[in-house]
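Here's a structure for you.
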Amino acid sequence: MAVRYQSLRGFSDLLPGETELWQAFETRARRALARYGFREIRPPHLEKTELFTRSVGEGTDIVGKEMFTFEVSGDSVSLRPELTAQVCRAYIEHGLDRRGLGRLYYVGPAFRKERPQKGRLRQFHQVGVEVFGESAPETDVEVIAVALETVAAAGVEQPRLLLNSIGDPESRTAYKRILVAALESVRAQLCADCRTRLERNPLRVLDCKVDHCRTLTADAPRIDEHLSDDARRHFDAVRAGLDRLGIAYQVDPRLVRGLDYYVHTTFEIQAEGLGSQNTVLGGGRYDGLVAQLGGRQVPGIGWAAGIERLLMAAGVDTAESREVLDLYLVTLGPRAREGALELAQKLRAEDLRVGWDTAGHGLGGQMKRAGRSGARYAVLVGDDELERGLVSVKDLSSGEQSEAPLEPGELAVWLRRRSEEQC
RNA sequence: GUGGGCGUAGCUCAGCGGUAGAGUCCCUGACUGUGGAUCAGGAUGUCGUGGGUUCAAAUCCCAUCGCCCACCCCA
């Protein structure tokens, strides 16, 4: 382990075995997203810092202390700590509203300078969606539905959907005042963190984990009792829609998102087995954001999920035993050995994944390598086979052996037919 | 950012002042007509890094880097 260089704290390598799991997840997730009409967008990793401070919020921890920020030609730039602001920027910049591109998704890394922990890296990966220009509650329902499908695509069992409404900006501001006033009497007894939250982001006092604080705030006024009529109607319609689709959820009046731009519907999906980082997906509506960033008054809603967390929650181990080659070529005798390079190439031209022993070990050694290579079949070529125009094909998991044509095109057909028979 | 645990072979880990170990993996052979078994041989480490204490440090002390866990925050 005395390695001269190691990756930076909180930055990690994804190795073969894991990459295949990620690819499989991404393929399933993209399919699900496509079914809802989402198209992929890939914003750059670096962006002007101001975009994030404006959108995520000056007072949030993400902006306050977790961004990787530096200077480029006199501009303050940052590695993106999340993608929503960027997608909004791109939406405005390229006039995507006029091109009918209102449903967008992304897959990629984000960066936050936090202390690493299980399910929390400094470079982590998110898959997320943004919908622009749709304000109806049905949209909220669809966005939540596709969120659940994405979580399912990772193989997470028994996800828990938590739902809340934090109202429109007016009811939210009004509620904040009511909440602060109500907690004034117990202020001194709250934990230190909650006392600062009371100043900076009072809603967050409600989801403090300290038991003592929870008891103190148990009877605090609830946001769902202070929604405007519009907000109330919207939330009821979202719930009705979820009910109609048979989607189970739990209303949690204490569910508050940490980013400033959220309004109305907020939601979160939690999974078991992740310790304290059990939130696997989070999102909500952000109707004012596009306008705030200089665009027209366009409603928006979206969510983001942590891919590392999703895969961890699904509890799939690295796919070590995965089949990575279709066949391993085993040669016997100098004639077959000489033809191996060319034969392998011809088989690859038939779109087969082929391995062979370039080092030229004996039969035993080659079979050993065939077994380890993760190939489905060992294809044996010797003098005998060459003469008869045949190869011996051994199924490496069952041990069954049979003969097949030597000619690459015919062999490819033979192997495919055989694989299908067995599936 | 705060608190705690841990860094020894590619991997999992034992050793905890006195010559660096096990299992596994890897390599070679038995093996030029058959791999996963068995047998025989072999390779591998600045004991995370830097400093200190000591006749002697993987072992004790300090610092530092990284990992893990909790807080915080969030996906």
OP1 or OP2 of B:C26 under 4.0 Å from side-chain N/O of A:R369 | no
Just by modelled atom types, is the A:R115 backbone N or O under 3.5 Å from a matching donor or acceptor in the A:R120 side chain?
-> yes
Is the shortest side-chain N to carboxylate O distance from A:E420 to A:R416 below 4.0 Å?
-> no
Distance between the C1' atoms of B:A40 and B:G33, in whole angstroms?
-> 24 Å
Whole-angstrom distance between B:C71 and B:U12, as gauged at atom P = 26 Å
Using a heavy-atom cut-off of under 4.0 Å over every strand shown, decide if A:G283 touches base, sugar-phosphate, or nothing.
-> nothing
Is A:R112 touching bases, backbone alone, or none of the nucleic acid, heavy atoms closer than 4.0 Å?
-> base
Nearest-nucleotide pick for A:R120, side chain only, options being B:G33, B:G1, B:G35 | B:G1
On a whole-Å scale, what distance lies between the P atoms belonging to B:A70 and B:C62?
-> 26 Å
For B:G3, the nucleotide meeting Watson-Crick or G-U wobble distances (both under 3.5 Å) is B:C69
Phosphate contact (B:A70 OP1 or OP2) by A:R115 side-chain N/O below 4.0 Å = no
Counting any heavy atom closer than 4.0 Å, what does A:L380 reach on the DNA or RNA strands: base, sugar-phosphate only, or nothing?
-> base
Nearest whole angstrom, please: distance from the P of B:G35 to the CD of A:Q366.
-> 12 Å
Determine: side-chain N/O of A:H361 to OP1/OP2 of B:C31, distance under 4.0 Å, yes or no.
-> no
Separation of A:M312 atom CE from B:C68 atom P, in whole Å?
-> 8 Å
Whole-Å gap separating P (B:G33) and CG (A:L329) = 18 Å
A:R9 CZ to B:G7 P: how many Å, rounded?
-> 18 Å
Phosphate contact (B:A75 OP1 or OP2) by A:Q277 side-chain N/O below 4.0 Å | no
Please state whether the phosphate of B:C68, meaning OP1 or OP2, lies under 4.0 angstrom from any side-chain nitrogen or oxygen of A:K118.
-> no
Nearest-angstrom distance, C1' atom, B:G45 to B:G35 = 31 Å
Distance, P atom - from B:G51 to B:U59, rounded to whole angstrom = 14 Å
Which value, in whole Å, describes the distance between the C1' atoms of nucleotides B:C67 and B:C26?
-> 26 Å
Between CG of A:L396 and C1' of B:A37 the distance, given in whole Å, is 16 Å
So which nucleotide does B:U24 pair with, by the Watson-Crick or G-U wobble rule with both distances under 3.5 Å?
-> B:G10
Span that lies between the C1' atom of B:A14 and that of B:U24, in whole angstrom | 14 Å
Selected nucleotide, minimal atom distance to A:K394 side chain, candidates B:A75, B:U34, B:C74 | B:U34
Report yes if at least one side-chain N or O of A:R372 is closer than 4.0 Å to OP1 or OP2 of B:C26; otherwise report no.
-> yes
Does a side-chain N or O from A:R204 land closer than 4.0 Å to OP1 or OP2 of B:C74, or not?
-> yes
Write down the distance separating the P atoms in B:G23 and B:C60, rounded off to the nearest Å.
-> 26 Å
